[in-house]
Each structure stands twice: as C-alpha cells, then as structure tokens.
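Throughout, numbering of the chain's residues begins at 1 and tracks the sequence. As the structure is a computational prediction, the values presented were derived from the model and not from experiment.
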Amino acid sequence: MVKCNNCGVEIDDNTDICPNCGKDLKSNNQKNNPDNELKCSNCGSIISQNTLFCSTCGQKIEKQEDVKTCPNCGVEIENDTTFCHECGTNISTGEKNKTIHNSSNDKVNLSVIIKPLIVSIILGIILSVIGLLIGFSWFSFVIAIILTVGVFAAAIDNQINAVIFGVAVGLILGILESPLVEFTYGAFVAGFYNGFFGSHMILFIIIGGVIGTISNMYFKDNILNITDNFKGML
C-alpha cells in the first residue's frame with residue numbers, strides 16, 4: 001500500500017488513478033525522476049527536493065546527506081576522509097595501501113632460525129676463508145655476513161627473528177675469526193693478525209643485526225621472488 005501524494009489516502013501499489021481525488025498517479029510517477037524522488041518518512045508521500053514540510057502530514061523533512069563509503073570494503077566514512085580507517089584504501093584513487101608490518105606483534109620463534117643459521121654459518125666460513133686467501137683480511141668476514149644474512153634473513157617470518165638470526169651469524173663468525181685465520185695461514189700469522197687487528201666480534205654482531213633488519217624489511221618480496229623463480233627452473 002502507498003499513499004496518494006495529493007490527498008494522502010492509502011491506495012494499492014498498482015493503482016493508476018487515486019479513487020479519492022482522481023489524481024493521475026501513473027503520469028505523475030513517470031514525470032518524476034526515481035533517482036531524485038524523495039518520500040516523507042512519516043506518511044510516504046512523494047515530495048519535492050526543496051520541501052521543508054510534507055504537504056500531506058506536515059512532517060518536517062530531514063535532508064539526508066549522501067553517505068560516503070569505501071570503494072574497497074564498503075564501510076561508511078567521513079566526507080573528508082582520504083584513507084579508509086578499516087582497510088587503508090585510498091578513497092580518491094581506490095588503491096589499497098600496502099600493509100605496514102608491525103614488528104611489535106612479532107613473536108620469537110627460534111625453530112625458524114636454526115636451519116638458515118646452520119646453512120649461513122657453513123657458507124660464511126667458506127666465504128671467509130676464500131676472502132682470507134684473496135687477501136681481504138677481516139673484511140672477508142664482513143662480506144660473508146652481508147651476503148649470508150642478506151639472503152637468508154629475508155625468508156624469515158618476521159623482523160625480530162631476522163635480527164636474532166643476523167646477530168647469531170655475526171656472533172658465531174666473530175668467535176671463529178681467529179681460528180679461521182689460523183686455519184688459513186697458520187699460528188704465527190694468526191698471532192700477528194690478533195695483535196694487529198684484534199677481535200671484531202662486536203662489529204660483526206652489529207652488522208649482522210642491521211643487515212638482518214634491512215633484508216627482512218625491504219628486500220623480502222624481491223628475494224622470495226628470486227628464490228621461487230629459481231625453484232621453478234629446477
């Protein structure tokens with residue numbers, strides 16, 4: 001049931017002419033634009049856009065502003081909103097922003113560190129010995145840490161574990177620095193090396209932690225894509 005917009009009498013939805021006042025409802029409905037049509041919230045009578053009070057029941061017409069919604073998730077937002085508070089989508093462009101990873105919610109999980117740590121230490125030892133043979137001195141260990149931590153830290157699940165992994169690699173190679181020099185050149189050269197250069201353990205730990213953080217934060221997607229492509233070639 002609807003109400004005649006002329007006299008307010010309730011009539012059937014399919015009625016073309018009001019039986020009470022004779023209003024031609026069909027032609028009136030065709031004349032009005034459905035997209036701009038407003039109805040009184042009290043009696044349902046059709047009213048014009050600029051009407052302040054319903055001519056049928058006297059109800060004050062509350063103008064409703066268009067509700068702005070996010071183009072991605074559909075949640076209601078303020079008119080001056082730039083980014084959706086629910087999903088982060090840019091309202092003007094419709095592009096969804098990349099999720100900013102909050103490392104404070106990460107959990108330490110040593111089980112994901114052990115395997116890449118073992119592989120990194122083996123590769124780090126090999127690279128360090130090669131560097132020592134070439135003559136890179138203690139820079140050999142720095143290069144080994146940057147390469148091994150830089151590659152393997154990206155695949156670790158979160159930043160906290162990546163930092164722990166990098167620090168562990170730096171610590172272990174720092175402990176092995178003098179023994180590897182002795183293994184490569186002998187005890188005499190190792191003694192001279194230790195007396196001239198000293199230990200670089202603290203430096204190696206810092207470098208490992210920094211490289212682990214940078215790799216996991218900024219190069220995670222790139223390195224994972226490279227490894228996936230490499231696996232696909234095998």
A.B. asks: Do I175 and L173 sit in the same hydrophobic cluster, where Ile, Leu, Val, Met, Phe, Trp and Tyr count as joined when their side-chain heavy atoms come under 4.5 Å apart?
C.D. replies: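 Cluster IDs for I175 and L173 differ.
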
A.B. asks: Can you tell me how far the CD1 atom of I205 sits from the CD1 atom of I172, to the nearest 0.5 Å?
C.D. replies: 10.0 Å

A.B. asks: To the nearest 0.5 Å, what is the distance between CD1 (I122) and CG (L117)?
C.D. replies: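 One finds 10.0 Å between CD1 of I122 and CG of L117.
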
A.B. asks: Taking the side chain as C-beta and beyond, is there a heavy-atom pair between F165 and N216 under 4.5 Å?
C.D. replies: no

A.B. asks: Ignoring hydrogens, what is the shortest heavy-atom contact between G212 and A162? Give both atom names and the distance.
C.D. replies: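 Minimum heavy-atom contact is O-CB, 3.6 Å.
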
A.B. asks: If you take all heavy atoms of L132 and S140, which pair is closest and at what distance?
C.D. replies: N-OG, 3.1 Å

A.B. asks: Tell me the closest heavy-atom pair linking G124 and A144, and the distance in Å.
C.D. replies: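 It is O-CB, 3.6 Å.
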
A.B. asks: Tell me the closest heavy-atom pair linking T213 and G209, and the distance in Å.
C.D. replies: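 For T213 and G209, the tightest heavy-atom pair comes out as OG1-O, 2.9 Å.
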
A.B. asks: Classify the ring geometry between Y193 and F197 as parallel (under 30°), tilted (30 to 60°) or perpendicular (over 60°).
C.D. replies: tilted

A.B. asks: Mind checking the CD1-CZ spacing from I207 to F141? Nearest 0.5 Å is all I need.
C.D. replies: 12.0 Å

A.B. asks: Give a yes or no answer on whether the side chain of K220 reaches the backbone of A153 with a donor-acceptor pair at less than 3.5 Å.
C.D. replies: no

A.B. asks: If you apply the rule side-chain contact (heavy atoms from CB on, under 4.5 Å), what do you find for M217 with Q159, and how did you get there?
C.D. replies: CA-CA 7 Å; M217 285 181 62; Q159 293 175 25; 3.3 Å; yes

A.B. asks: Counting only heavy atoms not in Y185, do more than 12 fall under 6.0 Å of its OH?
C.D. replies: yes

A.B. asks: Does a side-chain heavy-atom distance below 4.5 Å link L203 with W138?
C.D. replies: yes

A.B. asks: With a 4.5 Å cut-off on side-chain heavy-atom distances among I, L, V, M, F, W and Y, is there a chain of contacts connecting F139 to F196?
C.D. replies: yes

A.B. asks: Can you hop from V181 to L171 via hydrophobic side chains spaced under 4.5 Å?
C.D. replies: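 They do not share one cluster, since no chain of ILVMFWY contacts under 4.5 Å joins V181 to L171.
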
A.B. asks: Of all heavy-atom pairs between G198 and E177, which one has the smallest distance, and what is that distance?
C.D. replies: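 Residues G198 and E177, closest heavy atoms: O-OE2, 4.1 Å.
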
A.B. asks: My understanding is that only one of L147, I146, I145 makes a side-chain contact (heavy atoms from CB on, under 4.5 Å) with I143; could you say which?
C.D. replies: L147

A.B. asks: If hydrophobic clusters are built from ILVMFWY residues whose side chains come within less than 4.5 Å, do F183 and I134 share one?
C.D. replies: no

A.B. asks: Just verifying a value: how many Å separate I126 CD1 and T148 OG1, rounded to the nearest 0.5 Å?
C.D. replies: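 I126 CD1 to T148 OG1: 11.0 Å, rounded to 0.5 Å.
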
A.B. asks: Identify the two heavy atoms, one from S120 and one from V169, that lie closest to each other, and give their separation to 0.1 Å.
C.D. replies: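 So the two residues come closest at CB-CG2, 4.1 Å.
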
A.B. asks: To the closest 0.5 Å, what do you measure between CD1 (I125) and CG (L176)?
C.D. replies: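 Between I125 CD1 and L176 CG, I get 5.0 Å after rounding to 0.5 Å.
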
A.B. asks: Hydrophobic clustering (ILVMFWY, side-chain heavy atoms < 4.5 Å, transitive) - are V119 and I156 grouped together?
C.D. replies: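 Yes, I156 and V119 fall within the same hydrophobic cluster.
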
A.B. asks: Report the relative orientation of the aromatic rings in H200 and F204; use parallel for angles under 30°, tilted for 30 to 60°, perpendicular for over 60°.
C.D. replies: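 Rings of H200 and F204: parallel, under 30°.
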
A.B. asks: Any non-hydrogen side-chain atom of I223 less than 4.5 Å from a side-chain atom of F152?
C.D. replies: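 The answer is no; the side chains never approach within 4.5 Å.
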
